[in-house]
Amino acid sequence: MRILVVEDERRLAELLGDGLSREGFAVDLAHDGREGLWMATEQSYDAIVLDVMLPELDGYGVCRRLREAGVWTPILMLTAMDGEYDEAEGLDTGADDYLTKPFSYVVLLARLRALVRRGLRERPAVLAVGDLRVDPAGLRASRGDVLIPLTPKEFAILHCLARRAGEVVPKSELLARAWDFAYDGDSNVVEVYISALRRKIDKPFGRSTLRTVRGAGYRLEA
């Protein structure tokens, strides 16, 4: 499997390259955004590890241009910035996962393997699950012409489910996406928001698209 690492800290890029090579990946390195963008469009990769703070063109710009060009290679973004708005911007531009520096190499490897297993999946700007539309950039959801008012947390959960439509999403993943890492409250809060979502996206329209998979998580179906 072939991986592109776009990282301007050369020592870190070389460490990642060496580590991933020992795991059996074929690794290419790029040290600025324009070089990374060129390599990602000219070559076929199974995944891209993309730093945000890059010279020439930042990681958000690289990610956005790749998606606009129809390149849907899974992207794991790396950043020294730790904030929900930074994460949201990365995901909204088309990234698949997000890791804050300093990070555990073991965690990076696990997330990268998960992205590779998931493979190429086109993710248009507006996600469609049946007649349900989820617009990450506009933070809007609708069925047909009917706009559905959602709180930020409800939208975050719906967005995560829509990105994985048809798949079972564990409660732990929803919790990680909608709450920050410092949250140490009751994980059952996810069930409360799932119930609220059903009352908004399903019940008024006579649908039952948001399903509970007992013991596993939740699935959004068309």
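The analysis underlying the following values was restricted to heavy atoms, covering all of them including side chains, and did not include hydrogens, waters or symmetry mates. Bear in mind the structure is a predicted one, so any value in this text is a computation, not a measurement.
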Using distance only, find each side-chain donor-acceptor pair of residues 30-40 under 3.5 Å and give its atom names and separation, not counting sequence neighbours.
residue	atom	partner	partner atom	Å
His31	ND1	Glu7	O	3.1
His31	NE2	Arg10	NH1	3.2
Asp32	OD1	Arg34	N	3.0
Asp32	OD1	Glu35	N	2.8
Glu35	OE1	His31	N	3.0

[X] side chain vs [Y] backbone, donor-acceptor pair below 3.5 Å:
X: Arg199; Y: Pro204; answer: no
X: Ser104; Y: Val106; answer: yes
X: Arg198; Y: Leu210; answer: yes
X: Arg140; Y: Val134; answer: no
X: Arg67; Y: Val71; answer: yes

Over all atoms of both residues, closest heavy-atom pair of [X] and [Y]:
X: Glu154; Y: Pro149; answer: OE1-O, 4.4 Å
X: Tyr98; Y: Arg111; answer: O-NH1, 2.7 Å
X: Tyr45; Y: Thr73; answer: O-CG2, 3.3 Å

Check the pair Asp202, Thr209 against side-chain hydrogen bond (donor to acceptor under 3.5 Å, both in side chains), reporting the backbone distance first and the verdict last. CA-CA 7 Å; Asp202 277 348; Thr209 60; 2.7 Å; yes
From the list Leu127, Val129, Leu220, Ile194, side-chain contact (heavy atoms from CB on, under 4.5 Å) partner of Leu158 resolves to Leu220
Taking Val192 as the starting point, is it possible to reach Leu150 by hopping between hydrophobic residues whose side chains are less than 4.5 Å apart? no
Please check if Phe103 and Val5 belong to a single hydrophobic cluster, counting links between Ile, Leu, Val, Met, Phe, Trp and Tyr side chain heavy atoms closer than 4.5 Å. yes
Let me have the donor-acceptor pairs involving side chains of residues 50-58, under 3.5 Å, with sequence neighbours excluded, atom names and distances please.
residue	atom	partner	partner atom	Å
Asp51	OD1	Lys101	NZ	3.2
Asp58	OD1	Tyr60	N	3.2
Asp58	OD1	Gly61	N	2.7

Asp46/Arg2 salt bridge by N-O under 4.0 Å criterion: no
Presence of salt bridge, Lys171 and Glu173, under 4.0 angstrom: no
Acceptor/donor pairs from residues 16-26 side chains to any protein atom, 3.5 angstrom cut, sequence neighbours excluded:
residue	atom	partner	partner atom	Å
Ser21	OG	Gly17	O	2.7
Glu23	OE1	Arg113	NH2	2.9

